[in-house]
Amino acid sequence: MSAQGIGEPVRRKEDFRFLTGQGTYTDDMNRPGQLYAYILRSPHAHAELNGIDISKAQAGPGVEAIFSGKDMEADGVGGLPCGWLIHSKDGSPMNEPPHPPLAVGRVRHVGDSVAVIIAATREQAKDAAELIKVDYKELPAVVAVEDATKAGKPQLFDAAPNNLCYDWHLGDKAATEAAFAKAHHVTKIDLVNNRLVPNAMEPRSAIGEYDRATGLHTLYTTSQNPHVIRLLMGAFVLHLPEHKLRVVAPDVGGGFGSKIFHYAEEAIVTWAAAKIQKPVKWTSDRSEAFITDAHGRDHVTHAELAMDKDGKFLGLHVQTLANMGAYLSTFSSCVPTYLYATLLAGTYTTPAIYAEVKAIFTNTVPVDAYRGAGRPEATYVVERIVETAAREMGIDPAELRRRNFVPRDAYPYQTPVALQYDSGDYFETLDMALKASDYLGFPGRRDEAAKRGKIRGIGMATYIEACGIAPSAVVGSLGARAALYETAQVRVHPTGSVSVFTGSHQHGQGHETTFAQIVADKLGLTVDQVDIVHGDTDKIPFGLGTYGSRSLAVGGSALVMSLDKVIAKGKKIAAHLLEASEADIEFKDGKYTVAGTDKAKTFGEIAMTAYVPHNYPIEELEPGLDETSFYDPKNFTFPSGCHIAEVEIDPETGVVKLVNFTAADDFGRIVNPMIVEGQVHGGLAQGIGQALHEGCIYDRESGQLLTGSYMDYDMPRADDLPNFQVATNVTLCTHNPLGVKGCGEAGAIGAPAAVMNAITHALGIKDLLMPATPQRVWQAINPMRQAAE
Amino acid sequence: MTSPVSMTVNGKAVTATVEPRTLLVQYLREHLGLTGTHVGCDTSQCGACVVHLDGKSIKSCTILAVQAAGGTVTTIEGLAKGSELHPMQAAFREHHGLQCGFCTPGMVMSAVDLAQRKSDLSEHEVREWLEGNICRCTGYHNIVKAIQAGAAAMGSAKA
C-alpha cells in the first residue's frame, strides 16, 4: 500500500480550486451569445389555465422569445418520465399522469411552470414576466395525504380517482396476522415523517446550447447523473438521439438526491436554445428552489409490533400514506416502496412483516429521493416503535435490541421483505456507541441536569441501509426502467500517468481523491499522477451516476475491474520485455518483476511500451493500455450502525439542546477515513435538522408554501449543532472487490429516530411531531396551559 | 439607465457600467467574471456571497454595487498568493472543512474577518459567528475546527 492508498486520510485534490474560487459551477459558465430564461410560475396551488396573454411582454426591452406549454406540445415535446413502474396490490400499473415541462390546461402546485421568457438579461426576462397576463380559474387544492384520499376532495387528475397513484404491498399478510394472533404484547404507534426541502447550497441551473453546424445539442446542468438526464431527456422528452445530445454536469454544489431528477427546466432550455438558435441560461433563485426542487419524505404511518413475553419480535405491520406531490418525479415511485418497505426488518430477525403503502397525489411540489430516500422513513418507523416497545415492556432499549438483532453467525441473512444481508455485526456497533456515549453514566447526568432545572433524555437508533443500488436484474424485476450498472475507463498515458473516466459524479463526496487513492493503491502511483474525470457524457463511456451511496460500491468496483485488466495486460507486456513466462510475472508497488529474480520493469516503462513500442508482442497483443469495465452489483450493500442522542430540555422555553451525539457505523472497508467522517457529519446534520429544525409546511386550505425561504425554513446553523462523536466498525461487504458498503446517507438515516427517542424519553411521552420545535416541546411539557390557551 | 461604477477589487482598480439596481455580487460575478463569490439564497441568510469591503466581511447580495463605489473589495480570488493558500484556506483543506465547495468562499471570507479580530477562538465563538453562513454538507464540525486552526495560524503569522 502506498502512503496515499486505500485507508489513508489523503487531503482532497479538489480543494484547491474550491478554496480559491476556481470551481466551475453551472451558473459560473457563460456561452457566447447567451440569453437568459426566466420561468413564470403559478402562484396558485391548483387552477385551470385558460389563457396566456404575452402581447405586452413580447414588446419588453431585450425580450427575444416567450413560450408556453402549448408551444412545446406543438413541437411534440413529451412529458417528464418516471423511472420506476410500481404495480398495485391488484396487479394494476400505477397511475402515471402526464407531466409536461410547461403546464398545459392546468397548474397543480404553487411553482408549476407556466411560460418561459427569454431575454438579453435576467432582469429583462424577469421584468417581462410581470407583463404576462395569465387567465387562471382557481380550483380548490389539497396538500395533505390524509385529506387527499377522502371522498369529495379536490382531484388532481381525472385518471387517478381519489388521487391514488398506487396501492402497493410487500410481505406476507397471513403470516403477519398469525404472528399478531399469538402475541403477548402489541405496541402501536402513529408517526409522521415530516416533509423536507433538500436545499443543496447551489441552486439548480441549466444552460442549453445548439450548434447548427453539427446539429449537436448541449445541456450544462446541475446534475448528479448526466447520463441519466441524457437518456431521459433525449429518449422521452425531446426525442434527440444520444450522439447529438451532450450533457455536462460540471462542479455541482451539493445534491442530496435533489439533483438526480430530470427537471422541466433542463428540457426547456435545451429545446428553446435549438428553437431560437442561441444559448439559453436559467438559474434558480432560492425562493424558486423551494417551489421546484423535489422535496423529501412526507409519510403518515401507522405501525404495530407484535412481541412474545420476552420481547422477541414476532411480527410487524406497517401502513403508510406517501405524498407524491403533484406529479411523479423521476424516482419518486420507488422511494416509499422498494427503498422503504424492504428495510422494515431493520437490524432485527422479525420473522413476519407486512407493509401497505398508498401513494397519493397532492397539490404540492413533487416528492422524491432525499438523502436516505425511504431508508430514513423505514428506520424512523422501526426504531421509534422498538423504543416504544422497550418502554412498554419495561426492558432496557439496548437489551431489547440485542435480543432481536440478526445473530453474528446468521449471514447471509434473508429478511421477510426481500433483502439478503451479506454481513454486519450489530452487537459490536451497539456496544461501541453505548461506550462512546457513556450510556451507563446517563442517570448521573440526568440527576445533575435536574438540579439545574433541566430535563435530560437519551435515545438510540440502530439502522440498516440497502445501498449501492443495485443488481440490474433484480431492480428490473421490481419495476426499474433502467439497469444500474456503473462504468469506469482507466486510460494509462504513455508516461504512466492515469486518467479515469467514471460514471459516478462527485458533488461534495471527494471522488477525485478517493478514486485516485484506489488507482494509486493498485498501480503504485501518487494521487497526483491520477486524474478523475466525470460529469460529461462526451468523455465518459456511460454511467448511472451518484446517489444511494453507490459511488464507491458500484463505481469503485468498476474502477477496480478496469485496474485489474490494466495490470493483467501489463503482465503480458512485461513478460515479453523480460523474456519470461507471463505466469512468472508479479506486480507490486508499481513494478513488474520476474518471480525470484531481480529482473523488473516499472509501470511507467510498461505504459511507454504499450503505446510507442519498438519491441512489442504485436502478433499476440494489441498496443495501448486503456481499459473499460461495466460493473453490475451482485447484491445491495448493507451499511449499518447505532446512533445515540442525548438531549437537555429547558422546560421554561421548550428549547432542546443536543448535548451529545454518537454515531458508530459499519461502512465496510474505508478508503479515506477523513472523508468518511465528513460524510457522516453532514448526514447527521440533516438528520438532526429533520428532528429539531426542518419542516416544510403548506397551508392546508390554500396550498401556499409557508416555509419558502431561509427565514421560514429552519436550516441547521453552526450554533444549532454539537461536535459529533463518530466511530467505525468494519465488517467487509462480501460481494464487491473493495469490500465497501457506502457512507453517504447513514447520518440522515439514524439520527431522526435517535433524537426523537431521546426527546420522548426526556419528556416521558410516546410521540412528538418532528421537528421538535420549542413550541411543540413546551406544549408537550405544559398540556394544561396549552388547553387553557 | 446605466452608469459606470469604480472600485478596487483584489488590489486592482476596476470599472463596470451597471444598472443602479445591480447588486455588488452581480457586479463581481457578471461584470468582473469573479465567479468564486456565490449566490445561495435571496434573503441574505446563507452567506455564500460574503466578501470583504474595506476590510470587513459583508454579504455582497445585500449591498448595491453603487454603494461599494470607491471602496476596496477582497473576494475569495484575492486571498491566496499564487499557488500558496492563505492560512485560513490551508486550514479548511487540512481539516476537511469543505465538501461541495459552494458555501466555502463565503465561509472562508467570513472566517478571515473573525480571525482578524481574534486568533484564539473557542468552539462556541466560532459557532456563534457562523450564524450568517449556511453549509449543507459538513454539519459544521470540520468547519469549526478549520476556523480555529486557521485563526491560530493567522495569529502566529502576525506575531
Side-chain angles (χ1 to χ4, degrees), chain A residues 9 11-12 14-25 27-30 122-123 198-203 251-256 283 285-288 506-510 674-675 677-686 688 709-711 715-724 747, chain B residues 19 21-22 26 29-30 33-46 48 75-80 83 85-86 88-90 92-105 108 123-124 126-145:
Chain A
R11 299 306 185 259
R12 299 201 321 170
E14 41 276 83
D15 285 356
F16 183 83
R17 71 173 188 274
F18 293 139
L19 283 163
T20 53
Q22 314 291 306
T24 306
Y25 302 88
D27 188 56
D28 298 342
M29 304 173 72
N30 293 297
R122 194 171 297 169
E123 291 71 25
N199 272 309
M201 290 316 297
E202 179 206 21
D251 285 328
V252 173
F256 316 113
T283 299
D285 57 30
R286 182 57 59 186
S287 301
E288 205 172 2
Q506 88 103 7
H507 30 279
Q509 297 88 341
M674 175 190 81
I675 286 177
E677 282 190 14
Q679 289 292 307
V680 174
H681 296 159
L684 291 177
Q686 289 178 11
I688 293 163
S709 81
Y710 290 155
M711 293 188 290
M715 292 279 279
R717 309 298 213 274
D719 57 355
D720 293 322
L721 296 168
N723 275 331
F724 307 114
Chain B
E19 289 186 278
R21 63 177 166 178
T22 302
Q26 293 174 304
R29 285 181 58 82
E30 294 163 20
L34 293 170
T35 55
T37 302
H38 297 152
V39 180
C41 76
D42 45 17
T43 51
S44 196
Q45 312 277 307
C46 83
T75 71
I76 191 71
E77 288 93 342
L79 217 50
S83 60
L85 293 176
H86 180 279
M88 189 59 78
Q89 292 169 314
F92 268 70
R93 181 169 194 269
E94 178 60 25
H95 293 273
H96 189 31
L98 66 155
Q99 291 183 24
C100 83
F102 196 81
C103 78
T104 307
V108 170
E123 180 201 332
H124 180 73
V126 177
R127 288 185 182 274
E128 290 275 306
W129 175 266
L130 290 181
E131 170 64 27
N133 291 82
I134 302 177
C135 170
R136 191 57 153 169
C137 293
T138 65
Y140 305 100
H141 182 110
N142 286 342
I143 290 179
V144 173
K145 276 194 197 170

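Order of the sequence lines fixes the chain letters, A, B, ..., with proteins taken first and strands second; residue numbering starts at 1 for each chain.
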**Item:** Residue part contacting chain B, namely of A:Val252, when any heavy atom lies under 4.5 Å
**Value:**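 Contact with chain B is through the backbone of A:Val252 alone.
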
Looking only at heavy atoms and a cut-off of under 4.5 Å, which of [options] has the most pairs with chain B?
| options | value |
| --- | --- |
| A:Gly23, A:Gly255, A:Gly678, A:Gly254 | A:Gly678 |
| A:Gly683, A:Gly510, A:Pro722, A:Ala685 | A:Pro722 |
| A:Pro198, A:Gly747, A:Pro9 | A:Pro198 |

At a 4.5 Å cut-off on heavy atoms, which part of [X] comes close to chain A: side chain, backbone, both, or neither?
| X | result |
| --- | --- |
| B:Thr104 | side chain |
| B:Arg29 | side chain |
| B:Ala80 | side chain |
| B:Ile134 | both |
| B:Val39 | backbone |

**Prompt:** Considering all heavy atoms of both residues, which atom of B:Glu94 and which atom of A:Met674 are nearest to each other, and what is their separation?
**Reply:**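 Scanning both residues completely, I find the closest heavy atoms to be O-SD, 4.4 Å.
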
**Asked** Do we see a donor-acceptor contact under 3.5 Å between the side chains of A:Asp719 and B:Tyr140?
**Response**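 B:Tyr140 and A:Asp719 do not have a side-chain donor-acceptor pair below 3.5 Å.
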
**Message:** Would you say A:Arg12 and A:Gln506 are linked by a side-chain donor-acceptor pair, where the criterion is simply a distance under 3.5 Å?
**Reply:**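 No, no side-chain donor-acceptor pair sits under 3.5 Å.
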
**Prompt:** So A:Asp27 and A:Arg122, salt bridge (charged side-chain N to carboxylate O under 4.0 Å, His left out) or not? Walk me through it.
**Reply:** CA-CA 12 Å; A:Asp27 188 56; A:Arg122 194 171 297 169; 3.2 Å; yes

**Asked** B:His38 vs A:Tyr25 aromatic rings, parallel, tilted or perpendicular, using cut-offs 30° and 60°?
**Response**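 It falls in the perpendicular class, over 60°.
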
